[in-house]
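Starting from 1, each residue takes its place in the sequence as its number.
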Amino acid sequence: MSRLINTVLWLSLLLVNSAFANALSPNREFAADISLRSWVEVTDRDLLSLNEVMQLPDRAWDPVDLTDTQHISDSQLWYRLTMDNGRQYQYRLLALDNPLLNRIELFHLVDNKLVEHLITGDSLPFEQGKIDSTALYYPIEFEPYSNHTLYIRMESPGAARLNMQLQTPTRLIPQLKSNFFLGGAQLGALTAIGLLALFIAITSRSSSYAYYSGYVLSMTLMVAAIHGHAFQFLWPGVPQLQSLVIPFLIPLVMAFAVMFTEKVLRLKKVNLRQLQLSRVTAATAVLLSLTSPLMSYDLAIRVLIFMVIGISCMLMFFALDRALRGDKLAKLYSIGWCTMLGSALYTGMLYLGLLQADFKPQLPVMAGLTFEVLFMAAVLIVRYNDESRAKQDMQQKALEQTQRLKELREQALKDEDKTKQKLERMVQERTLELEITLRELNEANQKLTETATIDSLTQLKNRRAFDKRLTAEGRISRRQQTPIALLMADIDGFKGINDQYGHLVGDEILRQLAEILQSQLKRSNDLLSRFGGEEFAIILPNTSAEGALQLAEQTRQAVMNADIRWQDVRIPLTISVGASATVIESDQHPKELLEQADKALYQAKQSGRNRACLYSPRDTRVTEFRSQM
């Protein structure tokens, strides 16, 4: 595997019910993921343009129901959602974890103006997704007091299952890691079992292991295709395969399962009628696999659901018949295949709309297949042990009869030792490759962690790094009983600068201001960070109130005297600074120190701006610094 399992495409939908003004507001206190199903509206009217959809009356939109989205259909659905933002800037991700959607057309309107038109889905090349992932993540920047409306047109011949969430960016990486671990563990285990069975089949020339290897490896590819990993890594530039590979692989998997069952239950020796039925079923499955590209996707899936359920019932009957006759392997086989049959029936009823569940409809059969594969591996191990013991008994008898058979056995042992050494070398090589991969992953994670603490515009530490550092410095101050100071600086009239010169000039001013503020810090342990918007915060360990106020005034004058220009036009700039200092006494004290600095900043603003003020804890008032002008 050359790349990690991530996640490809995403969609979300949130809805405004105009009758009740039921709009979602992504406030900053929403730190966890939010399920959006309660806000989604859907219509199945055959509309082709955005204008037609926007003109629909509210009564044409209905709340989303699982029965509308979980069963197989070949219809077109339109979804609508609305989100209103408050005064804070927000950045969120709309997520839809369904990699099997055929075509998604998303229209993003901000304040009733179209700002983005996105077309994606597994009918398009994988690279067209915005994030390298099998799931759909659509980023939305919520400007203060903005209204966002999403119209999404979904065309999918399979189940248009909705599992939408509003996520915070900080939760994306842990989620991708979790998906990678679970998906990689499943695919890795299946691949390892399949390759091991193939190796044993080649070395032992056993048809049982050959059919089992074909069953496991074809199912591994099917699982990768269902979860979107095959589209991501194997054929990202050939989306046409997405609608062909799953209908092709499902009957192929069942054909190998039937042939493997025939060998495990020894039907050739115990029941010729069951043997004939098994071979006819396997041939039919192979024929269905070859003809599946000629059928429509939804028809093929419906046919294959009944085929999987029928074959599972047939194989279960064969196994129970042999188990009741005392076959030990048949008893073990029945346990594993019972799980497969139950999961296949459950998934089939989900797809056919007979049952409802708030998770992916393919999950039960995927879990059942994985358990069944592991259990069948145990069956093969038991059979392999039985065959080994029988072989050893035969060898022992042969050794007593003739010396030549002894020589042949010794040669066989030598061959077995070579095979063992070869396996050990393969394990060592794989272990080395795994160590290298883990080292590369660790380096990549370290880079991601470092990037997550840097403000992309000013290259200063961001709010997340500031909070972490403030907590650490507060503990040092509390332990050593040394003062810690905090400065809060805010650009005066920054909105007017943006309105007059534009946001590009505002961004350049923020960058230059960051350099000016950084130049005023002389100690390596002082931390300057972008607190948010046009606000900056400075942590000054081991600094008294007088020192903090002096640095605040020095910084204010440096900004006021700075020559800030944009295309030869000097832009006068001033800042207001609030300062607070104290010795930390409790875990909540750093937060209070931040609130005090913010109050001092507010006082500086109220006192006319372009000044530095110090919060005084004695009388809970703010003391203004009066410079000698």
Task: Trace of the side-chain contact (heavy atoms from CB on, under 4.5 Å) decision for I454 with L460 - done: CA-CA 6 Å; I454 299 298; L460 298 177; over 6 Å; no

For atom [atom1] of [X], is the number of surrounding heavy atoms from other residues, nucleotides or ligands below 6.0 Å larger than 12?
X	atom1	result
Y602	OH	no
R479	CZ	yes
R565	CZ	yes
K113	NZ	no
R59	CZ	no
Q481	CD	yes

Task: D467 with R463: basic N within carboxylate O range, under 4.0 Å - done: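 Yes, this pair counts.
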
Heavy-atom closest contact ([X] atom, [Y] atom, distance):
X	Y	value
W78	R153	CZ2-CD, 3.2 Å
M488	D598	CG-N, 4.2 Å
A485	A548	CB-CB, 3.5 Å
E534	L510	CA-CD2, 4.0 Å
V577	A552	CG1-CB, 3.5 Å

Open item on the list: With side-chain contact (heavy atoms from CB on, under 4.5 Å) as the test, pick out the partner of L106 among L118, I119, L94.
Closed with: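 Between L106 and the candidates, side-chain contact (heavy atoms from CB on, under 4.5 Å) is satisfied uniquely by L118.
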
Task: side-chain contact (heavy atoms from CB on, under 4.5 Å) between V559 and L517, worked out - done: CA-CA 8 Å; V559 174; L517 296 179; 4.1 Å; yes

Would you check if there is a donor-acceptor pair between the side chains of [Y] and [X] at a distance under 3.5 Å?
X	Y	result
S529	R469	no
Q550	E546	no
D490	S576	no
Q512	E508	yes
N610	R556	yes
D111	N147	no

- [ ] Anything under 30° is parallel, anything over 60° is perpendicular, the rest tilted; go ahead and classify F466 against F531.
- [x]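 Plane angle over 60°, so perpendicular.
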
TODO: Kindly indicate, with the supporting measurements, whether the criterion salt bridge (Lys or Arg N to Asp or Glu O under 4.0 Å) is fulfilled by D499 and K495.
DONE: CA-CA 6 Å; D499 294 341; K495 183 177 184 302; 3.0 Å; yes

- [ ] Decide salt bridge (Lys or Arg N to Asp or Glu O under 4.0 Å) for D492 and K605; before the verdict, give the C-alpha distance in whole Å, the side-chain angles of both, and the deciding distance to 0.1 Å.
- [x] CA-CA 8 Å; D492 297 328; K605 290 286 189 179; 2.8 Å; yes

Using modelled atom types and a 3.5 Å cut-off, is there a donor and acceptor pairing between side-chain atoms of [X] and backbone atoms of [Y]?
X	Y	value
R609	T574	no
S607	Q603	yes
T555	L551	yes

Open item on the list: Working note: E553 + Q557, criterion side chain to side chain donor-acceptor pair (under 3.5 Å); need CA distance, chi angles, decisive distance, verdict.
Closed with: CA-CA 6 Å; E553 175 62 17; Q557 292 183 3; 2.8 Å; yes

